[in-house]
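Please read the structure below before turning to the comments.
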Protein chains: 2
Amino acid sequence: MRVTIADIARQLNLANSTVSRALKDDPRISTEVREQVKELARQLGYRPNLVARSLVSERTFSIGLVINDIPWSFFGELAQHIQNAAESYQYATLIYSSGNNPHKERIGIESLVARRSDGLIVSAHENMENIHLLEQLSREGCPVILLNNIPAVSLDIVGVDNVNGNRSAMQYLADLGHRRIAYIGPEPVKSFEVERLAGYEQFCRQFQCGEELRMVFTGEASPLLGYKATLSLLENNHTPTAVLAYNDIIALGVIRAVWESGLRVPDDISVVGADGLALCLTAYPPLTTVAVPIREMAVKAVELLMQRIQANESIGRTTPARIQLLPELIIRQSVSVPRS
Amino acid sequence: MRVTIADIARQLNLANSTVSRALKDDPRISTEVREQVKELARQLGYRPNLVARSLVSERTFSIGLVINDIPWSFFGELAQHIQNAAESYQYATLIYSSGNNPHKERIGIESLVARRSDGLIVSAHENMENIHLLEQLSREGCPVILLNNIPAVSLDIVGVDNVNGNRSAMQYLADLGHRRIAYIGPEPVKSFEVERLAGYEQFCRQFQCGEELRMVFTGEASPLLGYKATLSLLENNHTPTAVLAYNDIIALGVIRAVWESGLRVPDDISVVGADGLALCLTAYPPLTTVAVPIREMAVKAVELLMQRIQANESIGRTTPARIQLLPELIIRQSVSVPRS
DNA sequence: ATGAAAGCGCTAACAC
DNA sequence: GTGTTAGCGCTTTCAT
């Protein structure tokens, strides 16, 4: 049997509550007793049972994080920052990765709630059933922060202004003289996908430039799909002077395809990514990218969640918060002025 | 207030225990009552409180995973596989990333234990104090699976035979005719670092080839350090015909440095990575690598942990298990025969 | 087939 | 300053 508060109390002829207080440095307990208790606790190797504590305090001091996948690093970096931010509030983070599967996402949400996470941060799959589930949970008293821009949803949102992020990247390319700018990314389904494409298209329309270079493929964002899409774009002789990729991962695939085609980055084709992952520095040449302020996003999301938890309020009483973070263009070496 | 079993019992004029059983499809409860209970549970939006359940059952159905960092994808991929494997046993995974900081690692371990994880999988920082803590926990009844090869430790280990992995990579290079093979990696402190360097050095000694090309830098494995190390290697005119990098991340930095120096991969310099991450396909050219069977590692670790949990045995009674996984060389396009 | 009661480890009124 | 008591939500003997 593991050692409990009762064991300590018995050996010291104290009441459980006294031991409990002593362990928490309650000023009402005399210093001697406190020391005595702590000393014995150490000797016996007492480890508090947070499960029991949670049952009475109705608080687990843990938050749940639901993401799509850990490996491709956007979520990895995000998870790390969220964990760090939560830790500064003495909170643990339970990470659940849905593998982009709405059914698994649902299981994950339910599991985190059943484990009584004090709140949830969710980068959702955007399946409406699950969004409704989250709204429901929020109403039932479990605060939820959403990391996607979903309109008309009664949840707090910490989102990214991808439209303007990509518009500013386009502006940068146009200012350098680029007119034939391609976009390579997945079909616009999720908010990030829709917004990033929209930023590109809005700019194209406004400046009457190259919307025929919009290249949308089916499937999840991966370097391989970026690679293949680029190859087929180049084959068709629709050669652009610059490519705006949906994200960094795809951009790396684009770069590989350009080199393999015997062209050079950035001399023949400039490439811009998005997300701002550390692995941009992995590319040759290092990737210019529309960086999402991932750390800030994590900090803001956790901050907001902690407010909700402390105020013991979910949505219903209050208007949902809408925080929008603006991406920042990080200029590296994958872009130059167009060749001709 | 959230709805509890007692609420359902009251409304249906049943005992709590009956409701509890009905919810679990206990055959002793009549089908009608079972249906009635479940129906009302659905209507009221009953959600089981796993905290309460855990307190009595002494099981949380969650395991703790302690890793060094999530973002650089080895641990990301690992975490994903562990989570998947655990899920097949109906277990949730609590991930804690220590950011390579032994003190934070300790906090993380304690936090996971306080939350009463049924077991731990740890890719340790290899700080001996923490290892002893883990041994202690194991003795106290919390099974621990270690993912590092640490000698003479009384914990189950699912490790990687990095020595032979790297020797086979060297053999492959030598067979192609390479004699001037450099190694680029961090100072050998952790087991992975020691073993991978050892695999290189053993081969060099055996075949009397180029140990002067061993290039060890200070700091954590990052593409930037791989990049810088390569540049200084090339500056000193110690030009190798091939580079064996500590891992894929560093290899990507090496590749970038080679291109920037006006040399070509693999024509002038061949590059081999290690780990076998998905981002190898991101490189130009796609990276040949000594792939760790990450998924298998995850599956084996979880399998072993589940056995320990089910048998309700940690180390002490039993001899610790020693599972060694052999990496596999995945041949892509970053290696060719040497130039001259 | 169902109920009553005890208890998991801890906390928090309330007493003295 | 310390003890008593009740109870968090659930499971599990032991009755009936």
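Heavy-atom basis, side chains included; hydrogens, waters and symmetry copies ignored. In what follows, chains are A, B, ... by sequence order, proteins preceding strands, each numbered from 1.
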Check: Less than 4.0 Å between a side-chain N and a carboxylate O, is that true for B/Arg42 and B/Glu39?
Finding: yes
Note to self: By nearest atom, which of the nucleotides C/dG9, D/dT2, D/dT11 is closest to the A/Ser30 side chain?
What the structure shows: D/dT2
Check: Charged N to carboxylate O under 4.0 angstrom, B/Asp156 versus B/Arg322?
Finding: no
Margin query: Expressed as a whole number of angstroms, how long is the span from B/Leu23:CG to D/dG9:P?
Written below: 15 Å
Checklist line | A/Lys104 backbone acceptor or donor facing A/Ser98 side chain under 3.5 Å | finding: no
Item checked: A/Glu110 bridged to B/Arg47 by N-O distance under 4.0 Å -> yes
Notebook entry, point to check: What's the closest nucleotide to the A/Asn16 side chain, out of D/dG3, D/dG9, C/dT11?
Noted result: C/dT11
Margin query: Expressed as a whole number of angstroms, how long is the span from A/Lys24:NZ to D/dT2:C1'?
Written below: 17 Å
Item checked: Sugar-phosphate, base or nothing in reach of A/Asn13, heavy atoms under 4.0 Å -> sugar-phosphate
Note to self: So if I take every side-chain heavy atom of A/Val56 and compare against D/dG9, C/dT2, C/dC10, which nucleotide ends up nearest?
What the structure shows: C/dC10
Item checked: Upstream residue (5' side of DNA chain C) when A/Thr18 and B/Val19 are each assigned their closest nucleotide -> B/Val19
Next item on the list: Report the nucleotide, chosen from D/dC10, C/dC14, C/dG9, that has the shortest atom-to-atom distance to any side-chain atom of B/Glu58.
Entry: C/dG9
Next item on the list: Take atom CD of B/Gln36 and atom C1' of C/dT2, then tell me their distance rounded to the nearest Å.
Entry: 13 Å
Note to self: What is the separation between atom CD on A/Glu35 and atom P on D/dG1, rounded to the nearest whole Å?
What the structure shows: 15 Å
Next item on the list: Measure distances between side-chain N and O atoms of A/Ser20 and base N and O atoms of C/dA12, and say whether any donor-acceptor pair falls under 3.5 Å.
Entry: no
Next item on the list: For B/Val51, report the nucleic acid contact type (base, sugar-phosphate, nothing); a contact means any heavy atom under 4.0 Å.
Entry: nothing
Next item on the list: Measure the distance from CG on A/Leu50 to P on C/dT11 and round it to the nearest whole Å.
Entry: 9 Å
Check: Can a donor-acceptor pair under 3.5 Å be found between the side-chain atoms of A/Ser17 and the base atoms of D/dT4?
Finding: yes
Notebook entry, point to check: A/Asn100 and A/Glu105: side-chain donor and acceptor closer than 3.5 Å?
Noted result: no
Next item on the list: Name the closest nucleotide to the B/Ile29 side chain, picking from C/dT2, D/dC10, C/dG9.
Entry: C/dT2
Margin query: I need the CZ-C1' distance between A/Arg28 and C/dC16, as an integer number of Å.
Written below: 13 Å
Next item on the list: Go through C/dG9, C/dT2, C/dT11 for me and flag the one nearest to the A/Arg53 side chain.
Entry: C/dT11
Checklist line | Carboxylate-amine/guanidinium proximity below 4.0 Å for B/Glu58 and B/Arg116 | finding: no
Checklist line | Out of C/dT11, D/dC10, D/dC8, whichever nucleotide has its closest atom nearest the side chain of B/Tyr46 | finding: D/dC10
Item checked: Length of the line joining B/Ile5:CD1 and C/dG3:C1', which is rounded to integer Å -> 14 Å
Next item on the list: Just compare C/dC10, C/dG3, D/dT4 and give me whichever is closest to any side-chain atom of A/Arg21.
Entry: D/dT4
Next item on the list: Report the distance from atom CZ of A/Arg10 to atom C1' of C/dG9, rounded to the nearest whole Å.
Entry: 12 Å
